[in-house]
Amino acid sequence: MSLTRTNLLLAALVFAAAAWFGVGHSSEDEFQHVILIAEHLRGNVGDDAMPIDFQRGWRSTLLPAIAAGVFEVSEAIGISDPFALTLMLRLITTALALWVMHGLVRAVKPQLRAENRQALDALSWFLWFVPVLLIRFSGEAWSALLFARGLSLLLEEEPKSPWAIGAWWGAAVICRPAVALLPMAALLWLLLVRKDPRRRLLRIVGGGAAAFAVGICVDAVAYGTFTVTLWNYGLAAMTGEEAWRFTALPWYQHGLFIAKYATPPLALLLFGALAALLLLKPKHILVWLLLPFLIAHSLLPIKEPRFLFPLAPLMPWLLVVAWDALCDRWPVTMKRDIWLRLLFPFAAINLLALIIAIATPAGNSRIALAKEIRARFGDERVHIDVLGDWRHWIPPFYLSAGSTEIITDKVVPAKSKSIHLVLAPESRKLDEVVSLERLATGCPGWTHRYLRWYGLEDGYDPLVLYQLKVGVLDH
């Protein structure tokens, strides 16, 4: 078996493991803008429970429609458990990710020096945040994958249909409108650097327009009226109507996000790779893709780590092509064995981060604790006191029918006969309360030390699930 096939097989296992253990949501939008809307389309959630983004026609219903279809088919064959349903979504995304990344690697490899191609193979599958982010059934992950698919068609040695390239890019923009910066930058590169015929560029744009038309049709059915969500979202963004819910952050915040969440050592490599490529190969398509995207997002007042997720499939390529450029510039120096010794600690950090990221549930682990509740109590009704804020609240989608939940700072025995549970950060020290029995912690205990390092100034405060036995608590 060739090394490429071995890497692909291992990658399938790693991505599948990330999907299996990645219970929950990497961001709130993964639930609010996909699963909740999907449940609304199925008639399980009323209009009053829908987020403002849906009520004002800002959000595409393409992904929710796919999710609703998956849920319907799954339930038709007897799969109704919410955790199994969301696992199905992650496994579908996993299959898409493996196919897309394989195509991207195949398209990019011929552009690299022969001795660096194996590095691209390994990094494309095992750079720690790639499998963790690309198995999410979210707008960020799907836009990343759909854009990368179109890009791989663009870069292949044998020219592919420009209509297909445009269609993939259009679908990416439907999933996340801000991703439009990437195909726009690619078109500029084609026009100014590669100097493709304008007729070919117009066909790419035509493919994107065809994808938009499909998205409009899906939205018309979902909303029950003619709705152009891309226009509505763009208008809300330009007028500031959508921004009032968020805190404005300084222009350099995304740099801090990368430094923290990619881990500082690997962030150093990413920043260094981008700088090297900018200096040595300023006309490379990655420079034209990444710089406008990063600059535009730096100028916008709203900043979140998830806004950078669509760049994830390109990061392995960035690291290897920058190394390739350094080898072209200083061929003798870059062949020295000292570089392998210097890079070994980075590889070790990446491996540790990959293991931890796969072993821990997504987000703050509240959905993993909801799964624990279902495993322990089945379809019995439960009442949950959440000693925290909205970020610790468990959506009813994951709880048994008739269950109740309240965000509070005090535990009071419920009047109903429901099983009484308490969800709280470990820092609340509820283990000292004799009437509470500790049932589970959101993340495996062995990961806590590393997650505290990863949290840096924010620290790490694991969520803990308790059951109230007797008595009234006052704390």
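All of these numbers come straight from a predicted model, not from anything done at the bench. Computed over heavy atoms, backbone and side chain alike; hydrogens, waters and symmetry mates excluded.
With contacts defined as side-chain heavy-atom distances shorter than 4.5 Å, the pair Phe212/Val228 does not qualify. Taking the side chain as every heavy atom from C-beta outward, Met315 and Val130 never approach each other to under 4.5 Å. Contact check for Asn7 versus Phe126: side-chain heavy atoms found under the 4.5 Å cut-off. When side chains are defined from C-beta on, Tyr223 counts as touching Arg59, because their heavy atoms get closer than 4.5 Å. Contact annotation: the side chain of Phe397 approaches that of Phe31 to within less than 4.5 Å [non-hydrogen atoms, C-beta and beyond]. For the pair Val422 and Val433, the minimum side-chain heavy-atom distance is 4.5 Å or more. Using a 4.5 Å heavy-atom threshold, the side chains of Trp251 and Leu299 count as separate. When side chains are defined from C-beta on, Thr263 counts as touching Trp128, because their heavy atoms get closer than 4.5 Å.
Checked by atom type and distance alone, the side chain of Ser365 never pairs as donor or acceptor with a backbone atom of Ala368 at under 3.5 Å. With hydrogens and angles ignored, the 3.5 Å screen pairs a side-chain donor or acceptor of Thr227 with a backbone N or O of Thr225. A distance-only check finds no donor-acceptor pair linking the side chain of Lys303 to the backbone of Gln253 [under 3.5 Å]. For Arg374 (side chain) and Leu399 (main-chain N/O), a donor-acceptor pair under 3.5 Å exists by modelled atom type. Although no hydrogens or angles enter the test, the distance criterion places a donor-acceptor pair under 3.5 Å between the side chain of His297 and the main chain of Phe293. Although no hydrogens or angles enter the test, the distance criterion places no donor-acceptor pair under 3.5 Å between the side chain of Ser124 and the main chain of Asp121. Side-chain atoms of Tyr460 never come within 3.5 Å of backbone atoms of Arg449 as a donor-acceptor pair (strictly under, hydrogens ignored). Looking only at distances, no side-chain donor or acceptor of Trp125 sits under 3.5 Å from a matching main-chain atom of Ala12. Put simply, the side chain of Asp219 gets close to the backbone of Thr61: a donor and an acceptor are under 3.5 Å apart. Thr94 places no side-chain N or O within donor-acceptor distance of the main-chain N or O of Ile135, the cut-off being under 3.5 Å.
A search for ring-ring contact (aromatic ring centres under 6.0 Å, His included) contacts involving Tyr450 returns Trp453, not counting sequence neighbours. With sequence neighbours excluded, no residue forms a salt bridge (charged side-chain N to carboxylate O under 4.0 Å, His left out) with Glu380. Every residue meeting the side-chain hydrogen bond (donor to acceptor under 3.5 Å, both in side chains) condition with Arg376, not counting sequence neighbours, appears here in chain and number order: Glu372. Evaluation of the side-chain contact (heavy atoms from CB on, under 4.5 Å) rule for Pro51 yields Gln32, His33, Leu36, Asp53, Phe54 as partners, not counting sequence neighbours.
Using a 4.0 Å cut-off between charged nitrogen and carboxylate oxygen, Asp461 and Arg428 do not count as a salt-bridge pair.
We find the CG-CG distance between Leu430 and Leu468 to be 11.0 Å, quoted to the nearest 0.5 Å. Note that the OG1 atom of Thr6 and the CG atom of Leu10 stand 6.5 Å from one another [nearest 0.5 Å]. A distance of 12.5 Å separates CG in Leu146 from CG in Leu151, rounded to the nearest 0.5 Å. In this structure, CG in Leu145 is found 13.0 Å from CZ in Arg136, a value given to the nearest 0.5 Å. Atoms CG and CG, on Leu300 and Leu249 in that order, are 11.5 Å from each other to the nearest 0.5 Å. Distance check, rounded to the nearest 0.5 Å: CD1 of Ile356 to NE2 of His448 gives 11.0 Å.
Here the two rings, on Tyr398 and His25, have centers that are under 6.0 Å apart.
Nearest heavy atoms, Pro313 versus Pro316: O-CD, 3.6 Å. Pairing each heavy atom of Leu134 with each of Thr93, the nearest pair is O-CG2, 3.3 Å. Between Leu120 and Lys109, the closest heavy-atom pair is CD2-CG, 4.0 Å. Nearest heavy-atom pair, Tyr261 versus Pro305, reported as atom, atom and distance to 0.1 Å: CE1-CG, 3.7 Å. Ala362 and Gly24 get closest at one heavy-atom pair: CB-C, 3.9 Å. Taking each heavy atom of Ser298 and His254 in turn, the nearest pair found is N-CD2, 4.4 Å.
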Evaluate the side chain to side chain contact (heavy atoms under 4.5 Å, CB included) criterion for residues Phe377 and Leu421: first the C-alpha distance (whole Å), next the side-chain angles of each, then the deciding distance (0.1 Å), finally the verdict.
CA-CA 11 Å; Phe377 305 110; Leu421 305 174; 3.8 Å; yes
Steps toward side chain to side chain contact (heavy atoms under 4.5 Å, CB included) verdict (Glu75, Leu85)
CA-CA 9 Å; Glu75 291 192 356; Leu85 294 176; 4.0 Å; yes
From CA spacing to verdict: side chain to side chain contact (heavy atoms under 4.5 Å, CB included), His40, Asp47
CA-CA 8 Å; His40 176 72; Asp47 292 339; 2.7 Å; yes
Side chain to side chain contact (heavy atoms under 4.5 Å, CB included) evaluation trace for Val45 with Met50:
CA-CA 8 Å; Val45 176; Met50 300 306 293; 3.9 Å; yes
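Leu311 pairs in a side chain to side chain contact (heavy atoms under 4.5 Å, CB included) with only one of the listed residues (Val179, Ile258, Leu286, Leu182), which is Leu182. Among the candidates Ile407, Val411, Asp409, the single residue satisfying the side chain to side chain contact (heavy atoms under 4.5 Å, CB included) test with Leu387 is Val411.
His383 and Thr404 form a side-chain donor-acceptor contact under 3.5 Å, judged by distance and modelled atom types alone.
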Donor-acceptor pairs are to be reported for all side-chain atoms of residues 164-176 against protein atoms at under 3.5 Å, with residues two or more places apart or in another chain.
from   : atom 1 : to     : atom 2 : distance (Å)
Trp169 : NE1    : Phe147 : O      : 3.1

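The environment of NZ in Lys160 is crowded: more than 12 heavy-atom neighbours from other residues, nucleotides or ligands sit within 6.0 Å.
For the salt bridge (Lys or Arg N to Asp or Glu O under 4.0 Å) condition, the pairs that include at least one residue of residues 10-29, sequence neighbours left out, are Glu28-Arg366, Asp29-Arg306.
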